Amino acid sequence: MEDVLTVRRWRRYGADRLFVTQETGRRVGSVDLQSGEVVADDPVLEPGVRRAAQAYLRADVTELALPMATPGVGALDAADDAALQAWLGGDDWDAIDLDGVRAERGSSVRTRLERLVDEGWQVIHDVPLGRQGSLVEHLLIGPGGAFTVAERRHPGQKVVVDGRSLEVDGRSMPYLRDAKLEAGRVRGLLLSAGCANVNVRGVVVVQGDLEIRSGAVQSETVVMARQDVQSMFRAMPVRLDVHRVAAIAHVARQRATWSR
């Protein structure tokens, strides 16, 4: 019996993404329609995620079900891949050195966080909060504590953190406030689910020209450049032992924790 992929679009709170799942509900991957980033839970399934996204965008429907291509066979042909990249806002992709582009972009925040797993950290992606449809991009739990992690992309722009303010090319942005509120909400739900004395801090990961000026407050919300993600979490003082990390992560992985 052939496996079926389901593609759904999620548009809330400024985000616009396609989520690709199997019939069992297990996630296969996602496509960020704003940045063009394609994430596959298993790298060999990335062509299938791309094909599913391209088919969905062509169909112009609310939800699409289609057969899952065999790994290695379902890669997009040049025309289809160019069409998908054009929809995502790309340039003439046939003329771009994709290897060079990937090297310049570096690893995604998702990948960088997952590299910490072997060092005692646990990471949960796309955590749904309540019934309103909002998502926490990443929830990271490990020796240094518990953190909500959100990425803000401003390539080529100047991002300045000064005191409790964050500006992008001189324009004030609410990222620090939003991260603090999100972390507070996650903490409240973990406490309600039985995680006593848990503390959660917000983290904003910036892709751009980041400057953190002296006097910037990093106690409530931490701001870091994408390339510093691993080193900064590794350098944090130990606040949770391995058993506490496992216990909090176990609660955080339960759907009931976030549906209150």
Side-chain angles (χ1 to χ4, degrees), residues 14-15 17 29-32 34-41 43 46 88-91 96-127 135-176 178-180 182-183 200-239:
R17 298 174 185 166
S30 64
V31 178
D32 189 321
Q34 293 179 323
S35 69
E37 182 178 27
V38 179
V39 176
D41 286 15
E46 182 174 337
L88 294 173
D91 300 307
I96 291 178
D97 176 7
L98 292 181
D99 289 336
V101 170
R102 293 188 182 107
E104 183 178 346
R105 282 179 50 191
S107 301
S108 68
V109 170
R110 181 190 184 99
T111 299
R112 291 171 187 270
L113 293 175
E114 288 178 348
R115 287 173 182 162
L116 294 168
V117 171
D118 291 338
E119 302 172 36
W121 294 80
Q122 297 203 35
V123 59
I124 307 166
H125 307 289
D126 299 322
V127 178
L135 289 178
V136 176
E137 290 181 41
H138 315 283
L139 177 58
L140 183 68
I141 305 163
F147 304 87
T148 59
V149 182
E151 182 177 18
R152 298 294 178 257
R153 299 182 178 91
H154 294 282
Q157 294 179 281
K158 183 70 173 179
V159 181
V160 176
V161 179
D162 190 358
R164 287 185 169 86
S165 70
L166 184 150
E167 295 182 350
V168 177
D169 283 349
R171 184 162 56 100
S172 180
M173 305 296 285
Y175 299 155
L176 301 184
D178 292 349
K180 181 181 178 181
E182 183 176 74
V200 181
R201 299 167 68 194
V203 174
V204 177
V205 178
V206 174
Q207 180 185 356
D209 182 10
L210 176 63
E211 177 187 351
I212 300 178
R213 293 180 177 170
S214 60
V217 177
Q218 292 267 39
S219 57
E220 294 177 343
T221 300
V222 181
V223 182
M224 60 182 72
R226 186 170 68 171
Q227 64 268 22
D228 296 330
V229 166
Q230 291 163 263
S231 60
M232 287 195 68
F233 281 115
R234 286 170 178 154
M236 290 181 176
V238 175
R239 292 185 173 90

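The figures that follow rest on heavy atoms only: side chains count, while hydrogens, waters and symmetry mates do not. One is the number of the first residue; the rest follow in order along the sequence. None of the values given here were measured: they were computed from a predicted structure.
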Participant: What closest approach, in Å, do Gln230 and Arg112 show between heavy atoms, and which atom pair accounts for it?
Facilitator: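 Closest heavy-atom pair between Gln230 and Arg112: CG-O, 3.5 Å.
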Participant: Do Val200 and Thr148 have side chains that get closer than 4.5 Å, going by heavy atoms?
Facilitator: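 Yes - at least one pair of side-chain heavy atoms lies under 4.5 Å apart.
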Participant: With a 4.0 Å cut-off on N to O distance, would you call Lys158 and Asp169 a salt bridge?
Facilitator: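 Looking at Asp169 together with Lys158, the answer is no, because their closest N to O distance does not fall below 4.0 Å.
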Participant: Measuring only between side-chain heavy atoms, which start at C-beta, is Arg17 closer than 4.5 Å to Val31?
Facilitator: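 Not in contact.
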Participant: Counting C-beta onward and ignoring hydrogens, is there a side-chain heavy-atom pair between Phe233 and Leu113 closer than 4.5 Å?
Facilitator: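 SC-SC contact between Phe233 and Leu113 confirmed.
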Participant: If we only count heavy atoms from C-beta on, is the Arg213 to Val160 side-chain gap below 4.5 Å?
Facilitator: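 With C-beta onward as the side chain, the pair touches.
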Participant: side-chain contact (heavy atoms from CB on, under 4.5 Å) for Val136 and Asp126? Distances and angles first, verdict last.
Facilitator: CA-CA 5 Å; Val136 176; Asp126 299 322; over 6 Å; no
Participant: Is any side-chain heavy atom of Val223 closer than 4.5 Å to a side-chain heavy atom of Leu176?
Facilitator: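 The answer is yes, as the side chains (C-beta and beyond) meet within the 4.5 Å cut-off.
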Participant: Do Arg153 and Asp32 sit within salt-bridge range, that is, some charged N less than 4.0 Å from a carboxylate O?
Facilitator: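 Looking at Asp32 together with Arg153, the answer is yes, because their closest N to O distance falls below 4.0 Å.
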Participant: Just how far is it from atom CD1 of Ile124 to atom CD1 of Ile141, taken to the nearest 0.5 Å?
Facilitator: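 One gets 4.5 Å once the value is rounded to the nearest 0.5 Å.
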Participant: Calculate, to the nearest 0.5 Å, the distance between atoms OG1 and CG belonging to Thr111 and Leu116 respectively.
Facilitator: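 These two atoms lie 11.5 Å from each other.
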Participant: Are any of the side-chain heavy atoms of Arg152 and Gln207 separated by less than 4.5 Å?
Facilitator: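 Arg152 does not reach Gln207 side chain to side chain.
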Participant: Go through the steps for Val127 and Leu135 under the test side-chain contact (heavy atoms from CB on, under 4.5 Å), then give the verdict.
Facilitator: CA-CA 5 Å; Val127 178; Leu135 289 178; over 6 Å; no
Participant: Could you tell me whether Lys180 and Glu182 have a side-chain N and a carboxylate O separated by less than 4.0 Å?
Facilitator: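 Salt bridge between Lys180 and Glu182, a charged N being under 4.0 Å from a carboxylate O: no.
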Participant: Mind checking whether Val203 and Met224 have side chains closer than 4.5 Å, heavy atoms only?
Facilitator: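 Val203 reaches Met224 side chain to side chain.
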Participant: Any donor-acceptor pair under 3.5 Å linking the side-chain atoms of His125 with those of Glu114?
Facilitator: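 The criterion, which ignores hydrogens and geometry beyond distance, is satisfied for His125 and Glu114.
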Participant: Are Val205 and Val149 packed together at the side-chain level, in the sense that at least one heavy-atom pair is separated by less than 4.5 angstrom?
Facilitator: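 Val205 vs Val149: side chains touch.
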Participant: Taking all heavy atoms of Ala225 and all of Leu210, pick out the closest pair and write down the distance.
Facilitator: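 Minimum heavy-atom separation between Ala225 and Leu210: N-CD2, 3.5 Å.
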Participant: Locate the shortest heavy-atom distance separating Gly202 from Ala183; write the atom from each residue and the value.
Facilitator: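 Closest approach of Gly202 to Ala183: N-CB, 3.5 Å.
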Participant: Apply side-chain contact (heavy atoms from CB on, under 4.5 Å) to Val117 and Val123, showing your working.
Facilitator: CA-CA 7 Å; Val117 171; Val123 59; 4.1 Å; yes
Participant: What do the steps show when you test Glu167 against Asp162 for side-chain contact (heavy atoms from CB on, under 4.5 Å), and what is the final call?
Facilitator: CA-CA 8 Å; Glu167 295 182 350; Asp162 190 358; over 6 Å; no
Participant: Can you tell me how far CD of Glu119 sits from CZ of Arg234, rounded to the nearest 0.5 angstrom?
Facilitator: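 The CD atom of Glu119 is 4.0 Å from CZ of Arg234, to the nearest 0.5 Å.
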Participant: Considering all heavy atoms of both residues, which atom of Met236 and which atom of Gly144 are nearest to each other, and what is their separation?
Facilitator: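 Of all heavy-atom pairs spanning Met236 and Gly144, the closest is CB-CA, 4.2 Å.
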Participant: Would you name the heavy atoms of Tyr175 and Val204 that are closest together and state the gap between them?
Facilitator: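 Reported closest heavy-atom pair: O-CG2, 3.9 Å.
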Participant: If I compare all heavy atoms of Gly120 with all of Pro143, which pair ends up nearest, and what's the gap?
Facilitator: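 So the two residues come closest at O-CD, 3.6 Å.
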